[in-house]
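The structure appears below as structure tokens.
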Amino acid sequence: MDLKELKEILQILEEKEITDFELEEEGMKLRIRKGPAASANHASAPILAPLVASVLPSLGGPVSAAAQASPAAVGAAATPTAEAEPGVTLVKSPIVGTFYRTPDPSAPPFVDVGDHIRVGQVLCIIEAMKLMNEIEAEVAGEVVKVHRESGQPVQYGDALFSIRADR
Amino acid sequence: MDLKELKEILQILEEKEITDFELEEEGMKLRIRKGPAASANHASAPILAPLVASVLPSLGGPVSAAAQASPAAVGAAATPTAEAEPGVTLVKSPIVGTFYRTPDPSAPPFVDVGDHIRVGQVLCIIEAMKLMNEIEAEVAGEVVKVHRESGQPVQYGDALFSIRADR
Amino acid sequence: MFKKILIANRGEIALRVIWACKELGVKTVAVYSEADAQGLHVRFADQAVCIGPPRNIESYLNIPAIISAAEITGADAIHPGYGFLSESAYLAEICEACNIRFIGPGPQAIRLMGDKSRARKTMQKAGVPVIPGSPGVLEDEAAAAKCAREIGFPVILKASAGGGGRGMRVVRAAPDLEPAFRAAQSEAQAAFGVPDVYLERYVDRPRHIEIQVMADTKGQVVHLGERECSVQRRHQKIIEEAPSSFVTEKMRRRMGQTAVDAAKAVQYVNAGTVEFLVDPAGNFYFMEMNTRIQVEHGVTELVTGRDLVKEQILVSAGEPLSFAQKDIVWTGHALECRINAEDPETFVPSPGVIRHMNLPGGPGVRIDTYAHDGCEVSPYYDSLVAKLMTYGRDRMESVARMRRALDVVVMEGIKTNAPLHRRIMDDPDFLAGRLDTHFMERFQPQKKKAAIAAS
Amino acid sequence: MFKKILIANRGEIALRVIWACKELGVKTVAVYSEADAQGLHVRFADQAVCIGPPRNIESYLNIPAIISAAEITGADAIHPGYGFLSESAYLAEICEACNIRFIGPGPQAIRLMGDKSRARKTMQKAGVPVIPGSPGVLEDEAAAAKCAREIGFPVILKASAGGGGRGMRVVRAAPDLEPAFRAAQSEAQAAFGVPDVYLERYVDRPRHIEIQVMADTKGQVVHLGERECSVQRRHQKIIEEAPSSFVTEKMRRRMGQTAVDAAKAVQYVNAGTVEFLVDPAGNFYFMEMNTRIQVEHGVTELVTGRDLVKEQILVSAGEPLSFAQKDIVWTGHALECRINAEDPETFVPSPGVIRHMNLPGGPGVRIDTYAHDGCEVSPYYDSLVAKLMTYGRDRMESVARMRRALDVVVMEGIKTNAPLHRRIMDDPDFLAGRLDTHFMERFQPQKKKAAIAAS
């Protein structure tokens with residue numbers, strides 16, 4: 001089977017709304033699965049998914065409403081839900097505001113990747129309504145990722161840091 | 001199997017509304033599944049079902065629109081689709097009209113349960129626009145059921161007789 | 001009043017008639033083909049009868065099945081909707097014979113208006129302006145030249161047997177007539193096997209503007225103003241509006257009176273639409289009369305506040321019109337976008353199951369549709385899925401509402417022309433009301449047809 | 001004009017504001033709690049910011065989060081919708097301090113009208129009729145008797161610390177006053193620990209009729225007529241209409257002028273509603289002023305053709321009102337049924353996922369809703385799922401349309417009160433316009449509360 005045939009098959013499957021397809025022929029095995037995993041069945045998920053909102057990315061520059069309304073344009077859910085790996089804790093923003101990694105523009109960041117932090121240590125500042133809110137660590141561990149750049153807006157629940165917690 | 005054959009199979013599956021299909025032949029194995037995973041949730045089925053219409057029963061006496069509109073009131077599809085048993089043929093009404101089992105009110109019925117009928121034998125009359133349309137048997141066999149009473153209105157596709165065909 | 005009305009149609013117009021019947025307290029009977037067993041008109045009518053297999057000719061065009069369905073359900077009237085049998089004089093006659101009221105004009109008026117040349121002659125006699133043209137086929141160049149001089153240039157030569165633009169020639173000045181005539185003749189011969197050619201005044205950049213009329217059995221005829229339907233693609237209207245930004249109050253009175261005269265000339269009863277071709281100078285010419293309720297009747301309802309379908313039923317039941325001409329007041333502006341299941345670029349039909357749907361709401365939005373989540377847009381029938389109408393105090397408000405309404409139309413599983421409509425709502429010509437029947441050819445030039453003029 | 005408006009609300013009203021912004025060409029920012037990430041207001045706004053967890057107090061009532069969201073998105077105005085922070089003078093003040101326009105009246109007017117006794121005094125001074133009553137707590141039987149004589153019977157005795165009907169006593173004639181006073185005192189003592197009782201004229205079978213006003217920053221105040229909101233259950237409106245079948249043209253002028261006076265007395269700006277209690281003789285008394293757009297504003301929009309939410313935004317941006325009093329003309333009749341996610345018999349809320357939905361369309365139907373197929377009706381917020389409005393040439397036409405509209409409302413997966421509304425549409429009292437705030441107690445007597453009067 002060449003690429004052209006494969007494309008045609010995929011085209012047909014799409015038209016016919018086929019979600020599972022397996023074909024075995026001499027020395028060839030083709031298996032195609034589409035949409036949500038067969039096992040799980042999130043009745044609402046496929047229905048709702050296209051209506052998932054564009055969220056933070058649009059903070060950068062407004063997304064045209066027309067584009068939003070087009071089903072094709074809203075594939076990816078934009079909220080960075082960023083499932084933490086096992087043992088890694090995600091520090092999420094508890095408030096809406098502007099994220100700062102340094103106490104003032106000339107200072108070094110509160111924490112950086114590779115740093116070991118202790119409970120209660122200030123990780124960053126989020127400015128909200130002219131107030132500088134210090135965000136403190138609730139676990140001790142190593143900073144493995146900084147999700148945002150300093151000066152960026154963050155909404156409630158946005159991932160800020162990943163911390164590999166000490167055991 | 002070439003692409004053309006595959007397309008034809010898919011076409012048939014679609015027409016027959018088949019959601020699961022497996023085929024094994026010398027050196028070839030084909031498996032097709034359509035729609036949400038069969039195991040659990042038929043996303044579309046329960047959604048459509050409540051919008052199934054009430055049909056013929058309402059011919060007897062008008063169903064109140066309010067009752068129809070209530071999701072609870074429209075559970076059963078009313079068209080007597082009456083899946084035929086194997087070997088039993090369903091004679092369906094080819095036209096809309098009034099079903100008569102006798103040529104005139106005083107005469108005996110054209111056919112009755114237990115009768116053996118031959119191809120071309122008149123089974124009943126359906127009156128439509130003052131015309132008496134004789135409905136003839138297309139198979140020979142034994143009448144095993146009469147689905148309608150004489151004088152009742154019938155719509156296109158309504159089951160009239162079940163005939164156990166001769167082998 | 002009627003006790004029970006059978007609706008010999010499907011889709012949104014079947015529902016529209018059901019709404020009218022429910023408001024009047026009249027029972028309804030839906031008829032449906034096997035393909036429409038799940039249709040909302042089947043669900044929301046008081047009764048429903050399956051009349052045949054999916055193909056139109058065996059179901060929605062099947063007169064015996066429809067009459068039988070009316071008989072077995074005891075319906076005392078039939079509303080034909082639009083399309084299908086709505087302009088079948090034969091159905092109207094059979095209804096008469098069967099003592100079932102046909103909700104529409106009499107068979108004579110339907111038949112007359114259905115015969116374009118008889119209609120033209122009748123209208124001429126009634127003083128309704130028709131496009132000036134040769135009385136019939138032109139014998140030779142000399143006859144063509146004489147006729148063109150009388151009518152005035154530009155003129156268009158048309159193949160008598162023609163259609164689709166073939167054998168047509170626009171002639172803008174006398175010296176061009178002779179060669180054009182010969183060319184048209186040979187083109188006609190080549191295309192249709194007969195060289196017959198006739199001639200008409202050619203209308204440059206014409207608008208399609210139509211007048212809604214409503215007539216009762218007492219001889220009262222009232223017009224409800226115009227609809228601008230110039231945004232068409234291959235003679236299919238896709239956007240309609242009322243009022244037309246081109247029509248002045250004076251012109252509305254004149255066109256309205258002409259439409260009333262046209263209706264009176266054929267003893268018209270019930271709802272009808274007189275379609276006019278309007279040139280840029282404001283001259284208008286009778287094109288045809290549609291002897292039924294039209295797809296776009298809703299925009300007239302929005303600006304007049306009158307319910308045309310209820311009025312149809314009442315008039316059919318022998319009631320006098322619920323309004324006189326002086327009662328008709330036009331307020332605000334209404335737009336309709338026909339949401340079709342088709343590719344917005346290629347116009348290829350896109351039937352399928354609507355897996356997820358969102359339709360707009362809020363102020364100034366009206367939607368007439370048979371669509372719902374999980375419904376099938378059938379390949380057997382036309383592609384109109386929904387009529388999206390907006391209403392505002394003025395044209396710009398209804399346009400603004402149409403824009404935001406189109407922005408939130410979601411019909412997953414099928415393609416629709418909503419994006420096309422959305423782009424038209426930003427087009428400078430559309431916004432300025434610079435419309436004519438060639439608008440869509442300019443708007444999507446890549447889709448331009450070979451045809452010269454044909455409208 | 002504003003460049004970008006943040007909508008500090010959710011559900012249908014957030015969408016309603018988005019529609020208005022889109023029509024005006026203003027960008028929008030939605031805010032949402034974690035429970036509403038899938039909400040249509042999030043989807044259809046130009047931007048969206050998650051402001052907290054589901055609980056109101058941490059999200060939709062979280063002023064710092066909302067102000068922050070406005071700041072990080074660069075919104076220059078906040079529309080509060082209704083409910084939530086819409087009558088928060090504090091939010092209005094903070095907006096002022098942060099240079100963000102609060103789309104509503106000034107904090108002083110909000111605060112004053114939020115304080116019922118100050119509002120009452122201010123209104124009295126402005127010549128707005130309030131329900132006659134004792135100036136404060138009654139000292140003894142003699143004071144009560146004197147006061148009752150001045151006011152005229154019937155009167156109602158109310159516990160100063162009371163509420164919910166306890167400690168209330170209706171007295172219809174002088175001889176009954178003394179024993180009733182003592183009984184009310186001891187009931188008040190028993191129920192609330194203080195025996196303080198005051199007295200008011202008792203209005204038998206009162207109607208709740210309110211006047212919509214709109215005021216600009218130039219001092220112009222216009223009223224848009226009344227809404228009849230007497231169909232209530234436990235002080236929650238469930239059906240509203242305009243015009244009221246009880247209000248004559250003369251009465252509309254008087255009530256309208258009174259509402260305008262009330263608004264002017266507090267230098268009111270933006271949309272507001274003056275609620276009146278109206279007795280069967282047509283006397284009306286100020287109850288309170290709602291300093292926001294209301295749920296039921298749509299019926300006023302339908303009969304006046306004015307877009308109140310757009311007007312709110314324009315007025316907030318400093319524009320003069322787009323209409324003067326003489327421009328307001330009322331046409332036809334509009335009804336609103338609040339479709340709530342609740343059991344129609346027990347009124348128990350019924351949150352859940354709407355698995356399948358059908359909403360009515362056709363002529364004279366307006367729907368404002370956040371619902372769509374597969375959407376969740378959240379248990380965290382109020383149960384209003386959709387506002388179903390119908391419009392007709394007269395009350396009977398809008399009722400007929402409401403009936404047929406309710407007949408086709410399908411929301412599988414949740415229960416709604418649509419069947420209750422449907423029954424009300426057939427109630428002889430409702431149809432005759434015999435309404436008062438006890439209507440629902442009579443309509444569903446089994447649900448009658450212990451309370452005597454309380455309205």
Side-chain angles (χ1 to χ4, degrees), chain C residues 12 15-16 18-25 40 43-44 297-298 301-302 305-310 322-323 329 331-332 354-375 386-387 389-393 396-397 399-405 407-408 410, chain D residues 12 15-16 18-25 40 43-44 297-298 301-302 305-310 322-323 329 331-332 354-375 386-387 389-393 396-397 399-405 407-408 410:
Chain C
E12 69 86 17
L15 286 167
R16 174 70 188 86
I18 291 173
W19 306 154
C21 291
K22 277 175 162 272
E23 290 177 29
L24 292 170
L40 286 189
R43 175 176 162 86
F44 292 131
H297 72 277
E301 293 184 325
L302 284 167
R306 306 289 165 172
D307 187 317
L308 295 177
V309 180
K310 282 201 287 198
S322 71
F323 43 77
V329 181
T331 310
I354 300 179
R355 292 195 320 274
H356 190 86
M357 187 169 87
N358 187 66
L359 292 178
V365 172
R366 169 175 166 185
I367 295 173
D368 283 33
T369 186
Y370 67 90
H372 61 90
D373 231 86
C375 86
K387 300 189 312 200
M389 288 169 255
T390 54
Y391 176 73
R393 297 187 63 73
M396 274 323 293
E397 187 170 52
V399 168
R401 285 182 169 157
M402 186 57 81
R403 282 184 186 140
R404 64 107 175 140
D407 278 348
V408 304
V410 177
Chain D
E12 70 85 18
L15 286 167
R16 174 68 188 89
I18 290 173
W19 306 152
C21 291
K22 276 174 163 272
E23 290 179 28
L24 292 170
L40 286 189
R43 176 174 162 85
F44 292 131
H297 73 277
E301 293 183 324
L302 284 166
R306 306 288 166 172
D307 186 317
L308 295 177
V309 179
K310 281 202 287 199
S322 71
F323 44 77
V329 181
T331 310
I354 299 178
R355 290 195 324 274
H356 190 85
M357 187 167 87
N358 187 66
L359 292 178
V365 172
R366 170 175 166 183
I367 295 173
D368 284 32
T369 186
Y370 68 90
H372 62 90
D373 231 86
C375 85
K387 302 190 313 201
M389 288 169 255
T390 54
Y391 175 73
R393 297 188 62 75
M396 273 324 293
E397 187 170 54
V399 168
R401 286 184 168 155
M402 185 58 82
R403 283 183 184 140
R404 64 104 175 145
D407 277 348
V408 304
V410 177

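Convention: sequence-line order gives letters A, B, ...; per-chain numbering from 1.
Taking 4.5 Å as the limit, every side-chain heavy atom of D:Asp373 sits out of range of all side-chain heavy atoms of D:Ile354.
Each of C:Met396, C:Arg306, C:Met402, C:Lys387 has some count of heavy-atom pairs under 4.5 Å with chain D, and the biggest count is that of C:Arg306. Top candidate by heavy-atom pairs under 4.5 Å with chain C, chosen from D:Glu397, D:Arg403, D:Met389, is D:Glu397. For the set C:Asp307, C:Val365, C:Leu24, C:Thr331, the count of heavy-atom pairs under 4.5 angstrom toward chain D peaks at C:Asp307.
Aromatic ring orientation, D:Phe44 versus D:Trp19: tilted (interplanar angle from 30° to 60°).
Contact of D:Glu23 with chain C is made through backbone and side chain together, with heavy-atom distances under 4.5 Å. Heavy atoms of D:Arg401 lying under 4.5 Å from chain C belong to its backbone as well as its side chain. Of the two parts of D:Lys310, only the side chain, counted from C-beta on, holds a non-hydrogen atom closer than 4.5 Å to a non-hydrogen atom of chain C.
The closest donor-acceptor contact from the side chain of C:Glu301 to the backbone of C:Leu308 lies under 3.5 Å. Using modelled atom types, one side-chain atom of C:Asn358 and one backbone atom of C:Val408 make a donor-acceptor pair closer than 3.5 Å.
Taken from CE in D:Met357 to CG in C:Leu359, the straight-line distance is 8.5 Å, to the nearest 0.5 Å.
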